[in-house]
Amino acid sequence: MATPHDVATEVKQLTERINYLNYQYYQNSISEVPDFEFDMMLKRLQELEDQHPELRQPTSPTQRVGGTITKNFKTVFHRYPMLSLSNTYSEEDLREFDNRVQKAIGHEVEYVCEQKFDGVAISLTYENGILVQGATRGDGTRGDDITNNVRTIRDIPLQAHGQGFPELFEVRGEVFLPLQVFEQLNQDREENGEQLLANPRNAASGTLKQQDSGIVASRKLGCFSYSFHSSRLPFDSHSESLEAIQKWGFKVSDTWRKCSSIDKVLEYINEWEEKRHELPIATDGVVVKVNSYALQEELGFTAKSPRWAIAYKYPAMSAATKLQGIQYQVGRTGAVTPVALLEPVLLAGTVVKRASVHNANEILRLDLRLGDIVFVEKGGEIIPKITGVDLTKRTAENTPIVYPTECPACHTPLVRVEGEAQFYCPNEKGCEPQILAKLEHFISRKAMNVDELGPRTLEQLYKAGFVRNVADLYDIQFEQLVNLERMGEKSANNILNSLAKSKETPFERVLFALGIRFVGSTVAKKLAEHFTDLAALRGATYEELIAVNEIGGRIANSIIEYFAEPDHIVLLERLQVAGLKFKSDSIKPEMQSDKLEGKTFVISGVFETISRDELQQLIISHGGKVVSSISAKLTYLVAGDKMGPAKLEKATKLGITILSEDQFLGMIQ
Ligand SMILES: NC(=O)c1ccc[n+]([C@@H]2O[C@H](COP(=O)([O-])OP(=O)(O)OC[C@H]3O[C@@H](n4cnc5c(N)ncnc54)[C@H](O)[C@@H]3O)[C@@H](O)[C@H]2O)c1
Ligand SMILES: [Zn+2]
C-alpha cells in the first residue's frame with residue numbers, strides 16, 4: 001500500500017510530465033510519446049486526484065484543455081469555450097458512458113457517431129454569412145486569430161450559401177493535411193535533408209501556425225466541419241445542424257450516422273475500424289455525441305469536456321517482430337540515418353520489413369539491441385516506427401547496437417554537429433552515395449529538371465570518372481556519353497540538349513538545386529525573392545538572413561557555412577561560367593525619374609515601411625544602381641535595422657555616406 005508521501009510525489013511528477021508533454025504537443029507540434037501512453041498517464045492522474053482531492057495541483061492538466069496561445073498571432077476570446085473530449089479505449093467504458101447518460105436523462109437516447117479526424121480544431125465565426133474570424137482552440141477560452149491562414153482553405157466558405165442561418169454563428173471543424181499531401185511533403189523533406197514530420201496532425205498544426213499565408217495555401221489543407229454554435233439555433237439536434245451547414249457550403253464528411261442505441265454505436269465503431277484507412281485523412285477513433293440539443297443542455301459540461309460526448313479511440317496499430325539488423329544510409333547532405341531491418345510482419349494490412357529509427361539518440365532512448373523483439377507502430381504516418389522493446393523476451397544474446405564511428409560507404413570518421421541528433425559523413429568530395437545523391441537532387445524535376453539524365457547514367461558517369469560534382473555535368477562531352485554502356489547517339493544527344501535547356505532554370509530553382517542544407521524549395525524561393533541574386537545572398541550577414549520571413553538561425557548558419565567553403569565558391573563560379581541563372585528575372589520597373597542617375601547603392605538590414613525588394617525597385621526606377629558589396633566607389637549605403645556591424649565599419653572607414661530609410665525616401669520625393 002502506497003504511503004501518502006508516495007502518492008503526493010506521483011501526483012506531482014505526473015502533473016509535471018503531462019504538462020510538459022502538452023506543451024510539446026500543442027506548442028511545438030511534437031508527440032514525444034504515443035497517444036495511448038499519454039492518455040494512460042492522464043487517466044492515472046485523474047484516478048489519484050479522485051482518491052486524494054487535496055493533492056490536486058492548481059495547474060493540473062485534468063482540469064484544463066491542454067493547448068496554449070502563442071505570441072505570434074492576435075489573441076481572441078471564444079464565445080463558447082472550445083473543450084476537449086473525454087476519451088476511452090474500451091467497450092466497457094463506452095457502455096458506462098451510456099449508463100451515465102441514461103441515468104441523467106431517464107431513458108435511451110439517440111447518438112450521432114462521427115469519425116474523429118486527427119487534425120487541428122478550428123473555430124469559424126460568420127457575421128451575416130461572411131467569414132470574419134478563424135481561431136485555434138488555444139487554451140479553450142482564448143485562441144490564436146489565424147483568419148488569414150484559414151481563408152486559404154478551400155473547404156471553408158468565405159461566405160455561407162443560401163439562407164436560414166442566424167446573423168451571428170460559429171462553425172467548428174477539424175483542419176487536416178490530406179495523407180497524400182503529407183506523404184509528398186515528407187518526400188520533399190527527405191530530399192532536402194530535413195527532419196521528417198512525425199504525422200499529419202503535427203504537420204497540419206505546424207502549417208496553421210505559419211506567419212506566411214502563402215505557405216499555408218500551398219499546403220492544400222482540408223477542413224471537415226462538425227458543429228454549429230449560435231445563441232439562436234435554427235434547429236433542435238446535432239444531426240440537423242450537420243445537414244444544414246453542408247447546405248450552407250461547409251464540407252461535412254459523409255461518414256457520420258445516427259445510432260438509436262449504444263449497441264448501434266458499437267456496430268458503427270466496428271464497421272469503421274478497418275474502413276477508416278481508406279479515408280484520405282488520418283482518423284484516430286470515433287466521436288459519439290448525444291443528438292438532441294435539449295438533452296445536451298441537460299447533461300452539461302465538466303471543466304474540460306462535454307458530458308454528452310465521448311471519443312472512442314482505436315488501439316494503435318502495432319505488431320511485435322524481431323529486429324534483425326540496422327542499415328545505415330548516407331543521404332546527400334552526408335547525414336547517416338539508421339533504418340531498422342525487421343523480420344517481415346503484417347501490420348494494418350501491409351507487410352512491414354523496415355522501420356524508421358530517425359537517429360542515434362533514438363537507438364539509445366529505446367535501448368535497442370540486435371535480435372530484440374520490438375513493437376512496431378503505424379499511426380497516421382506512412383513509414384512505421386519502432387516504439388519500444390519487449391524486455392521480457394530479451395536474452396543475453398541480444399547485443400547492444402554499436403553506432404558506427406565511420407561512414408559505412410567511405411570509412412571517413414563521422415562527425416556530429418553540437419546540439420544535433422544526426423551524424424554526418426564530412427567527406428563531401430569522395431563519398432560515393434553522398435555525391436550521387438547530390439547529383440540526383442541537382443537534376444531532379446523540382447531542381448534543374450534534366451529529365452533525360454537518369455540515376456543509372458549518373459552512376460556510370462561517376463564510375464567512369466567524368467562527373468564528380470554538379471559543375472562537371474556541364475562539361476560532359478558527347479564522346480564520353482556515347483562510349484558508356486548501352487548508350488546510343490540519340491540518347492547522348494538528348495542528354496546534352498536536356499542539360500543545355502536546364503540553363504534556363506530560374507534562379508530560385510538553381511538555388512534549391514545546389515542542395516544547401518535546410519534550403520528546400522520554399523526557402524530557396526524566399527531567398528531568391530529577397531536577395532534577387534547570388535552575390536547578394538553570399539554577402540548577406542546572419543542578421544540580414546534571419547530578417548527574411550521564415551528564415552531562422554539554423555538556415556542562416558547553414559547558408560553562411562556553405563559560402564565559407566572555398567570549394568563551393570569554385571563550383572559556383574564554374575556553374576556561372578556554364579551559364580546558369582544566378583539572378584532573378586525581375587521585370588524592369590518603369591522609370592519614374594532620373595534623380596539617382598549615376599549613383600550606386602548598397603542595401604543592408606531590414607526596413608520599417610518598405611521591403612528590401614521595394615527599396616531596390618525604387619532605386620532602379622529613379623535611375624540608380626544597386627550593387628552588392630561596399631567599395632570606395634560606392635555612393636550610398638542605405639542602412640536598416642539589424643545591419644551587420646562589419647558592413648557598417650567598412651562603410652565608415654571608406655567614408656561612405658550612410659542613409660537611413662527616411663533620408664533615402666526624402667531623396668526621391
Ligand atoms: N502524445 C503526446 O505527447 C500527447 C500530448 C498531449 C495530447 N495528446 C493527445 O491529444 C489528445 C488530447 O487532445 P484534446 O484535448 O484535443 O482532445 P481530443 O483530441 O482527444 O478531442 C477533442 C478534439 O477532437 C477533435 N475532433 C475531431 N473530430 C471531431 C468530431 N467529429 N467532433 C468533435 N471533435 C472532433 C477536435 O479537434 C477536438 O478539439 C489526447 O487524446 C492525447 O492522446 C498527446
Ligand atoms: Zn562517406
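Owing to the predicted nature of the structure, the values given are computational and were not obtained by experimental measurement.
What you find for Asp93 and Thr88 is that their closest heavy atoms are CB-OG1, 2.9 Å. Considering all non-hydrogen atoms of both residues, His161 and Gly249 come closest at CD2-CA, 3.4 Å. The two atoms that bring Leu221 and Ile153 nearest to each other are O-CG2, 3.6 Å, heavy atoms only. Smallest separation of non-hydrogen atoms from Ser84 and Ser305: O-CB, 3.2 Å. A pairwise comparison of heavy atoms in Cys223 and Ile156 identifies CB-CG1, 3.8 Å as the closest pair. Taking each heavy atom of Ile245 and Ser225 in turn, the nearest pair found is CD1-CB, 3.9 Å.
Applying the 6.0 Å contact sphere to CD of Glu47 captures more than 12 heavy atoms from other residues, nucleotides or ligands. Taking a 6.0 Å sphere around CZ of Arg151, one finds it holds more than 12 heavy atoms contributed by other residues, nucleotides or ligands. Within 6.0 Å of the NZ atom in Lys264, the count of heavy atoms belonging to other residues, nucleotides or ligands does not exceed 12. Counted within 6.0 Å of CD on Glu243, heavy atoms from surrounding residues, nucleotides or ligands total more than 12; the atom is thus considered enclosed. Within 6.0 Å of the OH atom in Tyr80, the count of heavy atoms belonging to other residues, nucleotides or ligands exceeds 12. Residue-environment remark: CD (Gln163) stays at or below the threshold of 12 foreign heavy atoms within 6.0 Å.
Side-chain N/O atoms of Glu110 and His238 include no donor and acceptor closer than 3.5 Å. No hydrogens or angles considered: a donor-acceptor pair under 3.5 Å links the side chains of Glu170 and Ser123. A side-chain donor-acceptor contact under 3.5 Å links Tyr89 and Asp39. A donor atom on one side chain and an acceptor atom on the other are not found under 3.5 Å apart for Glu167 and Tyr126. Under the 3.5 Å distance criterion, with hydrogens and angles disregarded, a donor-acceptor pair is assigned to the side chains of Ser239 and Asn291. Counting only N and O atoms by type, the side chains of Thr207 and Arg219 include a donor and acceptor under 3.5 Å apart. Side-chain polar atoms of Arg257 and Tyr111 form no donor-acceptor pair below 3.5 angstrom.
Of the inter-residue distances, the one linking Gln46 atom CD with Thr62 atom OG1 reads 5.0 Å to the nearest 0.5 angstrom. To the nearest 0.5 Å, the span separating CZ on Arg17 from CZ on Phe38 amounts to 10.0 Å. Here the OG-CD distance, from Ser356 to Glu362, works out to 8.5 Å after rounding to the nearest 0.5 Å. To the nearest 0.5 Å, atom CG of residue Leu45 and atom CD of residue Gln63 are 9.0 Å apart. Distance check, rounded to the nearest 0.5 Å: NZ of Lys247 to CG of Leu242 gives 12.5 Å. Note: Ser241 OG to His229 NE2 = 8.0 Å, rounded to the nearest 0.5 Å.
Thr125 contributes no side-chain N or O that, together with a main-chain N or O of Leu131, makes up a donor-acceptor pair within less than 3.5 Å. The backbone N or O of Asp144 sits less than 3.5 Å from a side-chain atom of Thr136, completing a donor-acceptor pair. Under a 3.5 Å cut-off, the side chain of Ser213 and the backbone N or O of Val216 do not form any donor-acceptor pair. Judged by distance alone, with hydrogens and angles left aside, the side-chain atoms of Glu240 form a donor-acceptor pair with the main-chain N or O of Ser237 at under 3.5 Å. Lys304 places a side-chain N or O within donor-acceptor distance of the main-chain N or O of Pro61, the cut-off being under 3.5 Å. A distance-only check finds no donor-acceptor pair linking the side chain of Ser205 to the backbone of Val120 [under 3.5 Å]. Although no hydrogens or angles enter the test, the distance criterion places no donor-acceptor pair under 3.5 Å between the side chain of Tyr20 and the main chain of Thr15. Side-chain atoms of Arg276 come within 3.5 Å of backbone atoms of Thr283 as a donor-acceptor pair (strictly under, hydrogens ignored). In this structure, the side chain of Ser60 does not engage the main chain of Arg56 through any donor-acceptor pair within 3.5 Å. Judged by distance alone, the side chain of Thr152 and the main-chain N or O of Asn149 form a donor-acceptor pair under 3.5 Å.
Using a cutoff of 4.0 Å between basic side-chain nitrogens and carboxylate oxygens, Glu377 and Lys385 are not scored as salt-bridged. In summary, Glu278 and Lys275 do not engage in a salt bridge, as defined by a charged side-chain N under 4.0 Å from a carboxylate O. With salt bridges taken as basic N to acidic carboxylate O contacts below 4.0 Å, one links Asp390 and Lys393.
Inter-residue side-chain proximity for Ile146 and Ile122 is flagged as met; some heavy-atom pair is nearer than 4.5 Å. Between Tyr268 and Asp263, every side-chain heavy-atom pair lies at or beyond the 4.5 Å cut-off. Between Ile281 and Pro200 the shortest side-chain heavy-atom distance does not fall below 4.5 Å. For the pair Thr141/Pro81, no side-chain contact is recorded, criterion being any heavy-atom separation below 4.5 Å from C-beta on. For the pair Lys12 and Thr9, the minimum side-chain heavy-atom distance is 4.5 Å or more. Taking 4.5 Å as the limit, some side-chain heavy atom of Val288 sits within range of a side-chain heavy atom of Val286. Annotation: side chain of Arg95 is in contact with side chain of Leu266 (closest heavy-atom distance under 4.5 Å). Ile105 has its side chain within reach of Leu299: a pair of non-hydrogen atoms, C-beta onward, lies under 4.5 Å apart.
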Derivation and outcome, salt bridge (charged side-chain N to carboxylate O under 4.0 Å, His left out), residues Asp139 and Arg142: CA-CA 6 Å; Asp139 63 9; Arg142 302 164 305 166; 3.0 Å; yes
Begin with the C-alpha distance, continue with both residues' side-chain angles, and end with the deciding distance and a verdict on side-chain contact (heavy atoms from CB on, under 4.5 Å) for Leu55 and Glu49. CA-CA 6 Å; Leu55 292 180; Glu49 286 178 352; 6.0 Å; no
Full working for salt bridge (charged side-chain N to carboxylate O under 4.0 Å, His left out) between Asp372 and Arg369: CA-CA 6 Å; Asp372 267 347; Arg369 305 204 182 164; 5.6 Å; no
Please report the C-alpha distance between Gln102 and Val109 in whole Å, then the side-chain angles of each, then the deciding distance to 0.1 Å, and finally whether the side-chain contact (heavy atoms from CB on, under 4.5 Å) criterion is met. CA-CA 7 Å; Gln102 289 207 34; Val109 303; 5.7 Å; no
With side-chain contact (heavy atoms from CB on, under 4.5 Å) as the test, would you mind laying out the steps for Ser253 and Phe117 before giving the verdict? CA-CA 10 Å; Ser253 163; Phe117 308 110; 3.5 Å; yes
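For the salt bridge (charged side-chain N to carboxylate O under 4.0 Å, His left out) test, residues two or more places apart in sequence or in another chain that qualify with Asp145 are Lys74.
Taking the six-membered ring where tryptophan is involved, the planes of Trp308 and Phe301 are perpendicular, since the angle between them exceeds 60° and thus also 30°. By the 30° and 60° cut-offs, the orientation of the rings of Phe169 relative to Phe250 is perpendicular.
For an aromatic pair to be called close, the ring centres must be under 6.0 Å apart, and Tyr226 with Phe228 fails this.
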